[in-house]
Amino acid sequence: MLDLQGPYGFEILKADDALELAQRLGSTELRTWNEIFASDKANNHPNQVERFSKEAKKRLRELKRDDFDELHSIRLSGKGRLYGVLREGVFYIIWWDRDHQVYPSKKKNT
């Protein structure tokens with residue numbers, strides 16, 4: 001399911017980001033999905049696709065993956081998120097969102 005092109009595609013991944021991703025993913029390998037998504041739900045959780053940015057929804061249509069109601073995100077850095085689908089104990093990565101653009105959030109009191 002990995003998107004190699006597009007605004008969140010892995011072909012534009014910088015070497016520093018690739019190293020950081022590998023290190024952070026390595027540190028999550030020993031954790032269960034319950035630990036990742038339930039115990040740390042402030043950082044890692046499902047996101048409703050209907051609330052994604054226009055660009056992200058457009059890209060899902062282009063990939064013919066617009067049948068998903070939600071994608072899970074895993075926070076790996078301040079703004080950086082991995083987005084994918086969790087199915088039968090496997091997390092299928094779709095995007096690396098380095099700048100938190102897929103699911104933009106509005107800060108309180110701004």
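In this chain, residues are counted from 1 in sequence order.
- For Asp99, the side chain to side chain contact (heavy atoms under 4.5 Å, CB included) partners are Gln101, not counting sequence neighbours.
- The salt bridge (Lys or Arg N to Asp or Glu O under 4.0 Å) test applied to Arg51 returns no partner, not counting sequence neighbours.
- Put simply, OG on Ser53 and OH on Tyr103 are 11.5 Å apart, with the number rounded to the nearest 0.5 Å.
- You'll find the side chain of Asn47 stays beyond 4.5 Å of the side chain of Val102, heavy atoms only.
- The CZ atom of Arg24 sits 11.0 Å away from atom CG of Asp17, with the distance rounded to the nearest 0.5 Å.
- For Phe37, the ring-ring contact (aromatic ring centres under 6.0 Å, His included) partners at least two apart in sequence or on another chain are Trp33, His72.
- Atoms CG and CG, on Asn34 and Asp40 in that order, are 11.5 Å from each other to the nearest 0.5 Å.
- Residue Phe91 is not grouped with residue Leu60 when hydrophobic side chains (ILVMFWY) are merged at heavy-atom distances under 4.5 angstrom, including chains of intermediate members.
- Linking Ile, Leu, Val, Met, Phe, Trp and Tyr whenever their side-chain heavy atoms come within less than 4.5 Å puts Ile94 and Phe52 in one cluster.
- Val90 and Leu71 fall within a single hydrophobic cluster, where Ile, Leu, Val, Met, Phe, Trp and Tyr side chains are chained together by heavy-atom contacts under 4.5 Å.
- Electrostatic pairing of Lys57 and Asp66 does not count as a salt bridge here, judged by no charged N lying under 4.0 Å from a carboxylate O.
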Under 3.5 Å, which donor-acceptor pairs link side chains of residues 1-9 to any protein atom two or more places apart or in another chain?
unit_1 : atom_1 : unit_2 : atom_2 : d
Asp3   : OD1    : Gln5   : N      : 3.1
Asp3   : OD1    : Arg59  : NH2    : 2.7
Asp3   : OD2    : Arg59  : NE     : 2.9
Asp3   : OD2    : Trp95  : NE1    : 2.9

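- To the nearest 0.5 Å, atom CD of residue Glu20 and atom NZ of residue Lys14 are 12.0 Å apart.
- The hydrophobic clustering, which links ILVMFWY residues whose side-chain heavy atoms are closer than 4.5 Å, places Leu63 and Leu13 apart.
- If you chain together hydrophobic residues whose side chains sit under 4.5 Å apart, Ile93 and Ile36 fall into the same group.
- Between Leu86 and Tyr92, the closest side-chain pair of non-hydrogen atoms is not below 4.5 Å.
- Listed by chain and number, the residues in a salt bridge (Lys or Arg N to Asp or Glu O under 4.0 Å) with Asp97 amount to none (sequence neighbours excluded).
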In a table with atom names and distances, give each donor-acceptor pair under 3.5 Å that connects a side chain of residues 76-85 to protein atoms at least two apart or in another chain.
unit_1 : atom_1 : unit_2 : atom_2 : d
Ser77  : OG     : Gly80  : N      : 3.0
Arg81  : NH1    : Gly78  : O      : 3.2
Arg81  : NH1    : Lys79  : O      : 3.1
Arg81  : NH2    : His100 : NE2    : 3.4

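- Residues Leu30 and Glu35 come closest through the heavy atom pair O-OE1, 4.2 Å.
- Between Asn43 and His45 the shortest heavy-atom distance is C-CD2, 3.9 Å.
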